[in-house]
Amino acid sequence: MTIPTHEDRESAKETLAYIRRTMESASSFTAVSGWGLIMVGFVGLLAAWLAWSGTHDADLRIWLPTAGISIALACIFNIRKAKQTDVPIWSGAIRRLVWVMAPALAAGAVLTVALARGGSEHLLPGMWLALYGAGVTAGAEFSIRAIRWMGVSFLLLGAAALLEPGAGLLLMAAGFGGLHVVIGLDIVMRHGG
Amino acid sequence: MVGSLVSETLDRLIHERIRLGIVSALAAGEGMSFADLKQVLKTSDGNLSVHARKLEDAGYVRVLKGFEDRKPKTEYRLTAKGRRALEAYLAQMEAILNEARDALERT
């Protein structure tokens, strides 16, 4: 090969960066909103406080609306970030992400009905945390690294809550509240919002 | 873009920016629709069609035409030849950087 000039070197660097950017953009959903996760975290903390003030930890009248509000908030903030960062909203990457998360979340919905009917409500916090963690960990294959750590942490919290159901509400506050806020702040600081 | 003697040794087919983008995006996944590729590369329909056709003619990509929800859908996939071409191109880019680093160390 001919000896490369300074321009060749700069151009090669820029070309490799372009290839990397394109591959990332084609294979992963990077518009995860840190602010969205922080908002979801605060909703989780509020729900945990309401449940603590109420009669039982896994009160579906509190946690089902919480799940609905959280999903809506996540959608609104992620779409906003995708628009701001000019990332495709409904790309192949996010379709795959939704598909790999869906089985764990669907299993969680069915188990919620089954456990609540069977009088095993004390297992709900651990099951919710563990299956949400399983879904997020799987989805993280198509997203940023911080999400994988969040998923694994949820799995661990879920395991702890299943083994120690008495601490279920505290662990839900730590997960659905604290973890979302912490990972959200990390994304805000490192990935710009 | 590389504009010296070095550039003359590069695969001109994927050296062009949009074509390099198409090949890189397809190398990252199993296949992509025309609409997804257009969004990832932030380019126009016409531009993407022209460059994708050149890659198809060279056997670097394969086009699968079908229907999804009764709407026509065009999906692109990277062929083994296309993947080898991208790998060779990446190796050339790395060689340029290594050569430049060696030259820097010699001075």
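Sequence lines set the chain letters: A, B, ... in the order given, protein chains first and strands last, and positions in each chain run from 1. Atom set for the values below is all heavy atoms of this structure, side chains included, hydrogens, waters and symmetry mates excluded.
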- Heavy-atom neighbours of A/M127 CE exceed 12 at 6.0 Å: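 Yes, the 6.0 Å shell around CE holds more than 12 heavy atoms from other groups.
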- In this structure, are over 12 heavy atoms from other groups packed under 6.0 Å from B/F34 atom CZ?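 It does: B/F34 CZ has more than 12 such atoms within range.
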- Contact origin within A/L16 toward chain B - heavy atom pairs under 4.5 Å: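 Side chain only.
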- Item | Whether A/Y18 side chain and B/L20 backbone form a donor-acceptor pair below 3.5 Å |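 No; zero donor-acceptor contacts below 3.5 Å.
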Can you hop from [X] to [Y] via hydrophobic side chains spaced under 4.5 Å?
| X | Y | result |
| --- | --- | --- |
| A/L185 | A/V40 | yes |
| A/M150 | A/V181 | no |
| A/L50 | A/L171 | yes |
| A/L45 | A/W52 | no |

[atom1]-[atom2] distance between [X] and [Y], expressed to the nearest 0.5 angstrom:
| X | Y | atom1 | atom2 | answer |
| --- | --- | --- | --- | --- |
| B/M93 | A/D8 | CE | CG | 8.5 Å |
| A/R20 | B/S24 | CZ | OG | 11.5 Å |
| A/M23 | B/L26 | CE | CG | 10.0 Å |
| B/L90 | A/I19 | CG | CD1 | 4.5 Å |
| A/K13 | B/L97 | NZ | CG | 7.0 Å |
| A/R95 | B/S33 | CZ | OG | 6.0 Å |

- Shortest non-hydrogen separation from A/A12 to B/I96 and the atoms involved: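 Smallest heavy-atom distance, with atoms named: CB-CG2, 3.9 Å.
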- Message: Going by salt bridge (Lys or Arg N to Asp or Glu O under 4.0 Å), name the pairs with one or both residues in residues 101-118 of chain A, residues two or more places apart or in two chains.
- Response: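 The answer is none; no pair qualifies.
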- Query: With only heavy atoms counted, which part of B/L37 is less than 4.5 Å from chain A, the side chain, the backbone, both or neither?
  - Reply: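 For B/L37, no heavy atom lies under 4.5 Å from chain A.
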- Message: Pair B/H15, A/T15 - check side chain to side chain contact (heavy atoms under 4.5 Å, CB included), show working.
- Response: CA-CA 9 Å; B/H15 188 52; A/T15 302; 5.6 Å; no
- Would you please name every residue forming a ring-ring contact (aromatic ring centres under 6.0 Å, His included) with A/H180, sequence neighbours left out?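 A/H180 satisfies ring-ring contact (aromatic ring centres under 6.0 Å, His included) with A/Y132, A/F154 once adjacent residues are dropped.
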